[in-house]
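Single-structure report; data block below.
In the text below, chain A, chain B and the rest are named by the order of the sequence lines, each starting its count at 1. The structure displayed is predicted, hence computed values, not measured ones. Values reported hereafter were calculated over all heavy atoms of this structure, with side chains retained and with hydrogens, waters and symmetry mates removed.
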2 protein chains.
Amino acid sequence: MPIYRDIQAELLRRISTGIWPTGTTIPHETALAAEFDCTRTTIGRALRELASAGLIERKRKAGTKVIARSGRDAIVTISPVREEVRAAGQDYGYALVARDQGKAPEAVRAAMGLSARDTVLHVQCLHFADGQPHQFEDRWINLATVPAAKGQSFEEISPNEWLIREVPYSRARHVFRAARPAEQERNTLRLAPDEWVFVVERVTWLEASAITYARLLHPADRFQLITRDPEAMRQSPPPSAE
Amino acid sequence: MPIYRDIQAELLRRISTGIWPTGTTIPHETALAAEFDCTRTTIGRALRELASAGLIERKRKAGTKVIARSGRDAIVTISPVREEVRAAGQDYGYALVARDQGKAPEAVRAAMGLSARDTVLHVQCLHFADGQPHQFEDRWINLATVPAAKGQSFEEISPNEWLIREVPYSRARHVFRAARPAEQERNTLRLAPDEWVFVVERVTWLEASAITYARLLHPADRFQLITRDPEAMRQSPPPSAE
DNA sequence: CAGTGGTCTAGACCACGCC
DNA sequence: GCGTGGTCTAGACCACTGG
C-alpha cells in the first residue's frame, strides 16, 4: 500500500471518528509531513484526493478544513444496454423501430442547444432481455457534429453502441424520473395497464457541440439503478448488502 | 493555467479529434515529457487524472491506451430534503408520522446486514414543499451503531438531518426506482389515483457497521434527479441545457 | 505581507507484467 | 529480463488570500 494511501486512511479515520469534527482546521501540510515523516509532496497528494472527494476544503493561507458533507454523492454507472442485459445473464435482442431525418421538435432542440435550422437524425429502437422488451430508445443525433450517422441504417447496431464507437469522448448530462408512458410506448414495451416507465434522459456533447439526446424508457416494474460510493479511497469495502 | 492542465487539454484534443483513436497506445511518459519539455512527474499527473476520468488505461510495461468509454458515469448529488426544497424556492415543512423501537423486518435486516436480535428505531415522517407532501421518509436506525438516537423524539428535526449532524462521515449505497405506492403511502403523499412514487433507497455505513436504511418516496409526477458529469477536468463547461 | 496551499523539478527506486 | 508506470524525495518558487 502506498504511503499516501496509509495517510489518507489515517486522516479519514480522524474525521469519521470525530477526532476532527466538521469545521476543524487540520494541521498544515508541513506539520503533517513531520508527523508522518514524509515530504510535503506526499501529504499534498493524500489531501488532494480527500479534497476532490469533498471531505475537506483547502484554501491558501486559511488552511485545510473538514467540511460538512450535507449532500451525498452517488455515482451511477450507465452501461450500454447490451452489457447491462448480458451482465444480468439474459439474452440480448435488438430491433429498429423507426429512422427519420429532419428537424427536431422544440423540446429536443432546447435540450441540445440547437437552432431551428439544424437537421437531426431521429432513431427509435427497442432492446430486449430474454425476449422481453427492456428498453425503448428514443434518440436524436446532431448531424452537424456526427455527419457519419447519415450513412448508418441502425438496423443491425443500436445508435447507442454505434455512438460509443464513433465518438471517443464526450460530456454528458442525465436526468432520472418516472413517467406515464405514451400510448406507443406502452404498447411497444408491453407494459402492464397501470405501469409507469423509468426514464433516463441523456444529452452528450463533444467539446461544445451537442452530439445526441436520448430518452431511454424502461418498464418500471423491472428496472432500478444502483449506485456506488464515490471511490477515490477504497479502504473497507462496504459489506455486501445481500 | 498549470502546465499539467495544458497538457491534459492537448491530449484530450488528440483523443477527441481522432488523432489518437480508441485503442491507440500513446507515447510513454518519457516521450511526452520530452515533447512538452517538462518532467515525467508532471506528465504523470496529467495522465493520472485522465485515467481516473476513464479516458485512458494505464498498465505497466504495456503502456497507456485510449479506451472506449463504454459505461458513462454520472454523479447524483442527493441533498437533504430541506435544502432541496429551499433550493427550489419553496417553503419547507416537516411532520413526524410515527416512531417505534423494536426488531426490523427481514428485508430491512438483510439490507443493513443485521442479525435477528439487533434492535432498531423505526421512524416515519413527511417533508413538505409549499405545503404539499414532497417526500415520505421511512427509516430504520441501527441502535447499536447510533445509540444516541434513542433519546431523540424526531418531532422537531428529521432523522435525515439529525444523522448528518451526528455521524460525521459515512459510506452510502443508493438504489433508484419507481414503484406502486402502498395504500398508506398513497394517502400520506396525497398522490393522484394512478400515480407512482420515485423511490430513493439508501443504506449508510460507518466503517463496517450499518447506520441506517431509508426509503425516500416522492410523488413521481413532480420529482426528478439530475446528474452532473464526473468532474476532474473542467475545461469547456457544458452549454446550459436550457 | 506573511503564511498557506499549488505546482514543478531532477532524480531515484520499486513493482508489475509482457516478452 | 527489462521496459513501463507508480511512488517518493528534497528542494524550490509561485499565487492566492486572510489578518
Whole Å only: how far is the [atom1] atom of [X] from the [atom2] atom of [N]?
| X | N | atom1 | atom2 | result |
| --- | --- | --- | --- | --- |
| K65(A) | dG5(C) | NZ | C1' | 15 Å |
| R5(B) | dC8(C) | CZ | C1' | 15 Å |
| R60(A) | dT4(C) | CZ | P | 14 Å |
| I7(B) | dC8(C) | CD1 | C1' | 11 Å |
| E29(A) | dC13(D) | CD | P | 18 Å |
| I56(A) | dG6(C) | CD1 | C1' | 14 Å |

Note to self: When you measure from the centre of the six-membered ring of Y4(B), is the NZ or CZ of R45(B) closer than 6.0 Å and no more than 45° off the axis?
What the structure shows: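 Relative to the ring axis of Y4(B), which defines the angle, R45(B) lies inside both limits.
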
Next item on the list: Inspect the contact between E10(A) and R14(A) and indicate whether a charged nitrogen and a carboxylate oxygen are less than 4.0 angstrom apart.
Entry: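 E10(A) and R14(A): salt-bridged.
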
Note to self: For dT4(C) and T64(A) - does any side-chain N or O of the residue sit under 4.0 Å from the phosphate oxygens OP1/OP2?
What the structure shows: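 The answer is no; no side-chain N or O of T64(A) sits under 4.0 Å from OP1 or OP2.
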
Margin query: Is Y4(A) close enough to dT7(D) that one of its side-chain N or O atoms is under 4.0 Å from OP1 or OP2 there?
Written below: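 Indeed, a polar side-chain atom of Y4(A) lies that close.
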
Notebook entry, point to check: Taking N and O atoms by type only, does the side chain of R40(B) place a donor or acceptor under 3.5 Å from a partner on the base of dG11(C)?
Noted result: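 Side chain to base: no pair present.
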
Note to self: Applying the side-chain hydrogen bond (donor to acceptor under 3.5 Å, both in side chains) criterion to Y92(B), which one of H127(B), H134(B), R86(B) satisfies it?
What the structure shows: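 Of the listed options, the one satisfying the test is H127(B).
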
